[in-house]
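Working notes, structure below.
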Amino acid sequence: MTLLCRMLNLRVTYHRQASAALDLSALDITAGERLAVIGESGSGKTTLARALAGLLPETARCEGEIRWTSEMPPQPGRDLGFVFQDPSSSLNPVLTVGEQVAEGARQHLNLSWSQAFRHARDLVASVGIPDPDSALNAYPHQFSGGQRQRIAIAAALSARPSILVADEITSALDMVVQAQLVALLDELVRQAAMTLIFVTHDIALASGLADRLVILKDGRLVECGATAQVLERPQSDYTRALIASHRTLSSRSLLPGSAE
Amino acid sequence: MTLLAVSSLTKRYVSGTRPVTALDDVSLTLDRGQTLGLAGVSGSGKSTLARILLRLMPADGGMVRFEADDWLSLSGRDLRRRRARMQMVFQDVLGAFNPRATVGSVLDDPLRIHSPLKERDRRTEIAALLDRVGLQAALATRSIRDVSGGQRQRVAIARAIATRPSLIVLDEAVSALDVSVRETILRLLVELQQERGIAYLFISHDLAVLRAVSHRIAVMDAGRIVECGPAGDVIERPRSDAARSLVAAVPRLVIRG
């Protein structure tokens with residue numbers, strides 16, 4: 001197991017906010033692992049993802065350190081791909097799908113535009129967009145929400161990054177599309193042996209995908225451990241409550257007199 | 001006793017140049033005090049059905065009987081008066097309010113329109129409504145923007161029950177909430193139903209949420225109702241492909257070796 005990065009006393013405070021959005025004493029990420037970052041609103045999970053990706057706003061104050069084992073911190077777009085929650089705002093509406101997916105490869109893989117477009121075609125096909133040749137010439141609004149998120153994944157993978165950060169990528173989508181996207185992500189990450197940082201509010205969704213879970217609450221790390229260990233023997237009351245309040249199909253009905 | 005009977009409801013529209021049948025011969029019934037869960041993927045027609053029932057958009061064909069009324073032919077004063085009986089709670093709680101409104105004014109509006117109460121009595125009623133949904137009366141003076149998402153959804157529920165409706169249409173009403181908040185809102189809705197005999201049409205793409213609150217579940221796919229039955233049956237023995245894929249899509253807590 002090779003260490004990818006170590007966060008030490010990492011403290012992020014947004015502009016004009018009194019308290020820190022994230023306050024982590026220590027967290028390691030191992031190269032090639034699938035780490036799920038789980039928390040409710042205001043837990044700091046998106047801040048953690050953005051701090052790792054170097055995508056915090058300039059006005060945010062960041063103390064402590066993120067020590068990467070590579071010589072340079074990973075460059076977003078090249079070494080690290082980022083998929084955002086809402087593909088309608090992360091994709092550029094006036095550029096074709098082909099231009100957006102090819103861009104990373106052209107920039108960072110030293111490909112010509114025509115080579116980059118061939119690469120983009122393969123990526124668009126690999127994320128399951130039907131008829132990839134015509135998809136390259138289409139615009140984001142011509143696709144459904146689920147397809148747009150597939151395109152955003154293709155764009156994030158364009159420069160063959162070794163790290164992929166996925167921040168609540170399914171929360172704007174229905175559950176059937178969510179299941180398809182998670183299966184796709186699982187396959188892509190496995191094929192390319194990428195490190196995956198999967199940010200979600202849904203502990204069950206994370207449990208199907210991640211090797212290790214980090215639970216955050218109010219900017220602080222509540223618990224961290226192997227997925228099975230956290231689910232079977234949660235150490236904190238908060239994690240226990242999070243697991244207990246998760247509804248599955250076999251959870252009891254709330255209706256009085258239901259015989260379950 | 002049947003509260004709502006929808007028969008052969010149809011809605012078509014044009015998206016770009018492509019004709020879409022959003023609702024295709026939809027029929028369903030809902031009894032007083034019961035919850036019908038309406039499941040389906042995005043674009044299956046759930047929200048179109050909700051909007052037509054709430055008279056926010058017209059139907060192209062079909063009929064709705066609600067209480068004693070031929071609901072879709074009501075208009076003008078009759079419709080305004082009868083709207084008190086069918087209320088709504090939507091997902092986008094901030095978008096559902098005037099952003100400049102205070103919590104109190106959000107609750108005062110329906111009372112002013114639909115109840116005979118004078119101003120002072122309305123203030124007492126607002127405090128009672130807030131209390132009933134688990135909020136403090138002092139919240140009435142706060143801006144709707146300054147309260148948390150969970151509190152805002154409680155205000156939306158208080159607004160919906162203010163007119164003493166017999167039916168509330170809930171469209172993805174808990175989908176945007178954190179799981180712990182979601183659970184308390186679901187419990188509140190079930191309590192209010194027991195206490196006031198309100199029926200719910202509860203729309204969600206999440207079958208685990210529908211299982212918690214629904215007596216029966218209907219599944220929509222491409223504008224049609226493809227399956228309808230007792231909640232447990234639809235979830236444990238889904239018969240349609242649409243229901244099977246919704247069941248399969250609910251994330252399970254997986255403990256991997």
Side-chain angles (χ1 to χ4, degrees), chain A residues 34 38-43 141-142 144-146 170-183 200-213 217 226-233 238 241-260, chain B residues 16 34-35 39-44 46 148-150 172 174-191 193-194 204-215 221 230-232 234-236 238 241-242 244-257:
Chain A
R34 295 144 167 250
I38 299 162
E40 298 190 303
S41 354
S43 62
H141 76 268
Q142 294 170 275
S144 69
T170 62
S171 43
L173 303 167
D174 72 52
M175 285 217 162
V176 172
V177 176
Q178 166 173 283
Q180 292 163 353
L181 271 179
V182 168
T200 179
H201 63 277
D202 187 335
I203 193 167
L205 190 63
S207 74
L209 190 65
D211 311 316
R212 208 155 63 97
L213 308 182
K217 180 177 193 296
T227 302
Q229 181 199 324
V230 172
L231 294 179
E232 282 174 345
R233 292 181 299 279
Y238 180 71
L242 207 57
I243 294 170
S245 57
H246 183 83
R247 288 218 151 255
T248 67
L249 288 178
S250 46
S251 303
R252 273 175 60 97
S253 166
L254 294 172
L255 298 175
S258 51
E260 290 169 72
Chain B
Q34 297 270 301
T35 299
V41 297
S42 309
S44 58
K46 310 183 297 290
S148 73
E172 300 287 1
V174 299
S175 312
L177 301 173
D178 282 329
V179 284
S180 53
V181 179
R182 176 184 300 185
E183 190 68 14
T184 58
I185 298 283
L186 291 174
R187 285 175 194 276
L188 172 65
L189 287 168
V190 170
E191 278 171 31
Q193 179 169 66
Q194 296 309 307
S204 177
H205 59 83
D206 184 345
L207 277 181
V209 164
L210 291 185
R211 162 151 216 142
V213 295
S214 307
H215 298 88
D221 184 36
V234 171
I235 285 167
E236 276 143 36
D241 288 345
R244 271 193 291 273
S245 69
L246 285 168
V247 167
V250 176
R252 281 134 176 92
L253 274 167
V254 189
I255 299 181
R256 301 189 304 175

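We use all heavy atoms of the structure for the numbers below, so side chains are in, but hydrogens, waters and symmetry mates are not. None of these values were measured; they are calculated from a predicted model. Numbers restart at 1 for each chain; the letters A, B, ... are given by sequence-line order, proteins then strands.
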### Task
Give the intermediate values and the outcome of salt bridge (charged side-chain N to carboxylate O under 4.0 Å, His left out) for residues Asp206(B) and Arg182(B).
CA-CA 12 Å; Asp206(B) 184 345; Arg182(B) 176 184 300 185; 3.7 Å; yes

What part of [X] gets within 4.5 angstrom of chain A, counting heavy atoms only: side chain, backbone, both, or neither?
| X | value |
| --- | --- |
| Ile235(B) | side chain |
| Val250(B) | both |
| Glu191(B) | neither |

### Donor-acceptor under 3.5 Å (Thr227(A) side chain, Asp211(A) main chain)
yes

#### Entry: Heavy-atom contact with chain B under 4.5 Å, split by part of Glu40(A)
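Both parts, backbone and side chain.
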
### Message
Can you tell me which portion of Ala179(A) sits under 4.5 Å from chain B's heavy atoms? Options are side chain, backbone, both or neither.
### Response
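The answer is the side chain of Ala179(A).
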
### Query
For the candidates Leu242(A), Thr248(A), Leu173(A), which exhibits the highest count of non-hydrogen atom pairs separated by less than 4.5 Å from chain B?
Thr248(A)

Separation between [atom1] of [X] and [atom2] of [Y], rounded to the nearest 0.5 Å:
| X | Y | atom1 | atom2 | result |
| --- | --- | --- | --- | --- |
| Arg252(B) | Leu249(A) | CZ | CG | 5.5 Å |
| Asp178(B) | Thr184(B) | CG | OG1 | 10.5 Å |
| Ile203(A) | Ile243(A) | CD1 | CD1 | 4.5 Å |

### Task
Tell me, out of Ala212(B), Ala249(B), Ser214(B), who's got the most heavy-atom pairs with chain A below 4.5 Å.
Ala212(B)

### Query
For Glu183(B), which residues count as a side chain to side chain donor-acceptor pair (under 3.5 Å) partner, sequence neighbours excluded?
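Testing Glu183(B) for side chain to side chain donor-acceptor pair (under 3.5 Å), a comparison that skips the adjacent residues, returns Arg247(A), Arg187(B).
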
